Amino acid sequence: PTVLREVIIEVPEVHWDDIGGYDSIKQELREIVEWPMKYRHYFDELGVEPPKGILLFGPPGVGKTLFAKAVATESGANFIAVRGPELLSKWVGESEKAVREVFKKARMAAPCVIFFDEIDSIAPARGTRLGDSGVTDRIVNQLLAEMDGIGTLKNVVVMAATNRPDILDPALLRPGRFDRVIYVPPPDFKARVEIFKVHTKKIKLADDVNIEELAKRTEGYTGADIAALVREAAMLALREVIREGKVKPVSMRHFEEALKRVPPSLTPE
Ligand code: ATP
């Protein structure tokens, strides 16, 4: 039994413009990932060591996966996504083998971004583990060994995401490992305006749709929630269009109704 049936190499199509808001995170990622890939020789000549691994943390749905994909797209790299839980296996040796396989494929597909989502599931700190911790220990060790070896293979960037940085094994955060940690917060008003713009770009909107007003009323909504809200409003409009057999745009009352149906996923805590 193999843990990962196959390692899928993607060519992502997410551009910086597809992510609303978060300008400073975009800029930071550009500098720490795109630059080392594009201008490796300048880094070498100046003796600057780029970060090896980047950890994104923040609540679910704020766009961590989108950031990782955009990094790959914008630096012309391939993309391999691995969900932490996929690596877990009760078969001795299989999980480590899967980790080795991921890095091997990434080296072959370089330049390549490897993205470990839900990394907390494979790398919880000692003491917080329930049941058998052998397998997570072995996965962490294999991961660290692969990352330590990356110095020689340069064009592979390792990114990871978690909602629970507090339960991560601190060994992962040492220099030369995930040595850059970036917090992706829930979107503020300005980011929500931009996220609404991204998700309504292709949608026919009525003149009464006020994006600033919508952004004001969506405190606690993540990017994923806003995407769902727009989809809901559009579906409500579509139902009317089909019922009436005549095309009209999505209007503010559709958004009003959608706001009642799609709640925010975040609370003030
Ligand atoms: P999880 O922790 O649940 O994996 P995540 O932080 O990785 O969540 P994504 O999967 O990247 O979140 O985002 C889910 C969807 O929400 C995206 O595909 C996109 O449609 C939308 N979304 C999230 N953030 C943004 C954003 N800043 N701009 C545009 N769309 C966004």
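What you see is a predicted model; the values in this text were computed from it and never measured. Ligands are counted one by one from 1 in listed order, and the atoms in each one are counted from 1 as well.
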- For I195 and ligand 1, does the shortest N/O to N/O distance drop below 3.5 Å? no

- Query: Starting from atom 1 (P) of ligand 1, which protein heavy atom do you reach first, and at what distance in Å?
  - Reply: G61 N, 3.7 Å

- Are E212 and K216 close enough for a salt bridge, meaning some N to O gap below 4.0 Å? no

Which donor-acceptor pairs under 3.5 Å do side chains of residues 61-73 form with protein atoms, sequence neighbours excluded?
| residue | atom | partner | partner atom | Å |
| --- | --- | --- | --- | --- |
| K64 | NZ | G58 | O | 3.1 |
| K64 | NZ | P59 | O | 2.8 |
| T73 | OG1 | P12 | O | 3.2 |
| T73 | OG1 | V14 | N | 3.2 |
| T73 | OG1 | V14 | O | 2.9 |
| T73 | OG1 | K69 | O | 2.9 |

- What do you reckon, does G21 put a non-hydrogen atom under 4.0 Å from ligand 1? no

- Under 4.0 angstrom from ligand 1, any heavy atom of I226? no

- Can you find a non-hydrogen atom of E118 under 4.0 Å from ligand 1? no

- Side-chain donor or acceptor of D44 paired with backbone N/O of H41 under 3.5 Å: no

- Kindly check if the number of other-residue, nucleotide or ligand heavy atoms within 6.0 Å of NZ (K201) is above 12? yes

- Query: Which value, rounded to the nearest 0.5 Å, describes the distance between D225 atom CG and R192 atom CZ?
  - Reply: 11.0 Å

- Which of R239, E240, E232 passes side chain to side chain donor-acceptor pair (under 3.5 Å) with H254? Answer is E240

- Query: Is any NZ, NE, NH1 or NH2 atom of the basic residue among E257 and K260 found under 4.0 Å from an Asp or Glu carboxylate oxygen of the other?
  - Reply: yes

- Message: Under 4.0 Å from a heavy atom of Y22: which atoms of ligand 1 are those, numbered in the order shown and with their elements?
- Response: 27 (N)

- Task: Would you mind finding which of D17, D117, V14, L66 brings a heavy atom closest to atom 19 (C) of ligand 1?
- Result: L66

- Considering only heavy atoms of G20, which atoms of ligand 1 have at least one such atom less than 4.0 Å away? 26 (C), 27 (N), 28 (N), 29 (C)

- Note on the structure: The protein heavy atom nearest to atom 9 (P) of ligand 1 is G63 CA, 3.7 Å

